[in-house]
Amino acid sequence: QVQLVESGGGLVQPGGSLRLSCAASGFTFHYYVMKWYRQAPGKEREFVAGVTRDGGVKKYAESVKGRFTISRDNRRRTVALQMNSLKVEDTAEYYCKAEAVGTTSEYWGQGTQVTVSS
């Protein structure tokens, strides 16, 4: 059974930090590119960050560059998103996604809520 389980969301003040984690099971983790997306109320889901299978290449949305860091641990089958200098506009449901290279195989987690508010 494929599972992606996010954790680490919560309420934080502007300027604060949170670390999201996504634990994977039921598929060959190191075959998959891992990404984080987010969706704010009334908006479309958008790409936040991605990391290649070996962790060597990372990409970020312009809106989070310099503030967020994605990382993965293939031994532990986890991907993390360290979020610093959080802004009110970072408030959203954050989703973990696994994408297999060269195929249409992909999996989504159930999401974790991040709320940035004073």
First locate atom SG of Cys22, then atom CZ of Phe29, and finally report the distance between them rounded to the nearest 0.5 Å.
7.0 Å
Given the ring of Tyr32, does Arg72 sit roughly above its face, with NZ or CZ under 6.0 Å from the centre of the six-membered ring and within 45° of the axis?
no
Trp36, Val2: one ILVMFWY side-chain cluster at the under-4.5 Å cut-off?
yes
Indicate yes or no: does Arg38 engage Glu93 in a salt bridge with an N to O separation below 4.0 Å.
no
Which atom of Gly56 lies closest to which atom of Asp54, heavy atoms considered
N-OD1, 2.8 Å
Aromatic ring proximity Tyr37/Trp108, centre distance under 6.0 Å:
yes
With a cut-off of under 6.0 Å to the ring centre and 45° to the axis, is Arg45 in cation-pi contact with Tyr95?
yes
Step through the shown structure and confirm whether more than 12 heavy atoms of other residues, nucleotides or ligands are within 6.0 Å of CD on Glu89.
yes
Do the non-hydrogen side-chain atoms of Leu11 and Ser117 ever get within less than 4.5 Å of each other?
yes
Beyond-backbone contact of Val114 with Thr91, side-chain heavy atoms, under 4.5 angstrom:
no
Could you report the tightest heavy-atom contact between Ala98 and Leu4, atom names first, then the distance?
N-CD1, 3.9 Å
Residue pair Leu81 / Ala49: nearest heavy atoms and the distance that separates them
CD1-CB, 4.0 Å
On the 0 to 90° scale, with breaks at 30° and 60°, tag the Tyr94-Phe68 ring pair as parallel, tilted or perpendicular.
tilted
Of all heavy-atom pairs linking Ala23 and Thr78, the shortest is CA-CG2, 4.2 Å
Which of Glu99, Glu46, Glu106 passes salt bridge (Lys or Arg N to Asp or Glu O under 4.0 Å) with Lys35? Answer is Glu99
Check whether more than 12 heavy atoms from other residues, nucleotides or ligands sit under 6.0 Å from atom OH of Tyr60, and answer yes or no.
yes
To the nearest 0.5 Å, what is the distance between OG (Ser118) and CD (Gln13)?
7.0 Å
Between Arg53 and His30, is there a donor-acceptor pair closer than 3.5 Å when you use the side chain of the first and the backbone of the second?
no
The reported gap from OG1 in Thr115 to CG in Asp90 (rounded to nearest 0.5 angstrom) is 11.0 Å
Would you say the side chain of Lys97 lies within less than 4.5 Å of the side chain of Met34, judging by non-hydrogen atoms?
no
Give a yes or no on whether Met83 and Phe47 share a hydrophobic cluster (residues Ile, Leu, Val, Met, Phe, Trp, Tyr; joining criterion: side-chain heavy atoms under 4.5 Å apart).
no
Got a donor-acceptor contact below 3.5 angstrom from the Gln82 side chain to the Thr69 backbone?
no
I'd like to check Val51 versus Val33 (side-chain heavy atoms, cut-off strictly below 4.5 Å). Are they in contact?
no
Counting only N and O atoms by type, is there a donor-acceptor contact under 3.5 Å from the side chain of Thr52 to the main-chain atoms of Val57?
yes
Within a radius of less than 6.0 Å around NZ of Lys59, do more than 12 heavy atoms belonging to other residues, nucleotides or ligands occur?
no
Using side-chain heavy atoms (C-beta onward) and a distance below 4.5 Å, is Asn84 in contact with Leu86?
no
Are the side chains of Ser17 and Arg67 in touch, meaning some heavy atoms are under 4.5 Å apart?
no
Residue pair Val79, Ser71: steps toward the side chain to side chain contact (heavy atoms under 4.5 Å, CB included) verdict
CA-CA 6 Å; Val79 60; Ser71 61; over 6 Å; no
I'd like to know if the side chain of Glu6 reaches the main chain of Gln110, judged simply by a donor and an acceptor atom lying under 3.5 Å from each other, with no hydrogens or angles considered.
yes
